Amino acid sequence: MIETRRAVAGDAAELVRLRAVMLGAMAGQPVEPGPWQQEALAMLRARLAEPEPTMAAYVVDAPDGVGLAACAVGAVDLRLGGPANPSGRTGYV
């Protein structure tokens with residue numbers, strides 16, 4: 001059985017690595033390293049450590065115990081409300 005767990009700030013580097021894998025697969029070529037990785041790393045470390053987070057990630061540890069095998073990340077965003085969404089609360093996975 002595959003077990004998932006909620007990611008913690010210490011998983012941030014692996015989440016960034018998996019994002020690069022996903023983006024590369026979508027583009028059909030590896031993603032170039034760049035400043036986006038440090039920005040993503042800092043953002044994940046901060047947001048996953050918030051006492052009342054508006055971002056969550058769930059991960060599957062790699063079978064060999066080194067790194068992560070899979071993840072899903074979701075975020076709640078607060079925008080200006082409107083008739084179809086009075087609270088302005090939206091989500092993205």
Side-chain angles (χ1 to χ4, degrees):
M1 175 173 238
I2 296 173
E3 293 186 31
T4 61
R5 64 177 175 80
R6 189 156 182 174
V8 296
D11 293 313
E14 275 294 285
L15 289 167
V16 173
R17 181 188 67 80
L18 288 175
R19 180 154 178 83
V21 170
M22 178 195 70
L23 293 172
M26 291 171 59
Q29 61 186 8
V31 173
E32 293 293 324
W36 74 269
Q37 292 166 310
Q38 291 305 313
E39 292 287 332
L41 184 62
M43 188 269 298
L44 281 166
R45 285 180 176 155
R47 290 194 66 186
L48 292 176
E50 291 174 339
E52 294 185 34
T54 56
M55 174 180 274
Y58 288 85
V59 298
V60 175
D61 292 305
D64 62 6
V66 179
L68 299 177
C71 67
V73 179
V76 175
D77 188 23
L78 296 175
R79 300 178 181 192
L80 189 59
N85 183 1
S87 73
R89 189 170 289 125
T90 60
Y92 181 80
V93 177

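Being a predicted model, the structure only gives us computed values, none of them experimental.
For Arg17, the side chain to side chain donor-acceptor pair (under 3.5 Å) criterion is met by Glu14, not counting sequence neighbours. Contacts of Glu50 classified as side chain to side chain contact (heavy atoms under 4.5 Å, CB included), with partners at least two apart in sequence or in another chain: Arg47, Pro53, Thr54. Taking the side chain to side chain donor-acceptor pair (under 3.5 Å) definition, one finds that Arg19 meets it with nothing, sequence neighbours left out.
Salt bridge present: Arg5 and Asp11 bring a charged side-chain N and a carboxylate O closer than 4.0 Å.
Grouped by direct or indirect side-chain proximity (heavy atoms under 4.5 Å, Ile/Leu/Val/Met/Phe/Trp/Tyr only), Val16 sits with Leu15, Leu18, Met22, Leu23, Met26, Val31, Trp36, Leu41, Met43, Leu44, Leu48, Met55, Val59, Leu68, Val73. In this structure, Tyr92 stands alone, with no Ile, Leu, Val, Met, Phe, Trp or Tyr side-chain heavy atom under 4.5 Å from its own, directly or through other members. Cluster partners of Tyr58 are absent, since no Ile, Leu, Val, Met, Phe, Trp or Tyr has side-chain heavy atoms less than 4.5 Å from it.
Taking OG of Ser87 as the start and CG of Leu80 as the end, the distance is 11.0 Å to the nearest 0.5 Å. Annotation: the span from Asp61 atom CG to Thr4 atom OG1 amounts to 10.0 Å, rounded to 0.5 Å.
Annotation for Leu78: atom CG counts as buried by contact number, over 12 foreign heavy atoms lying within 6.0 Å.
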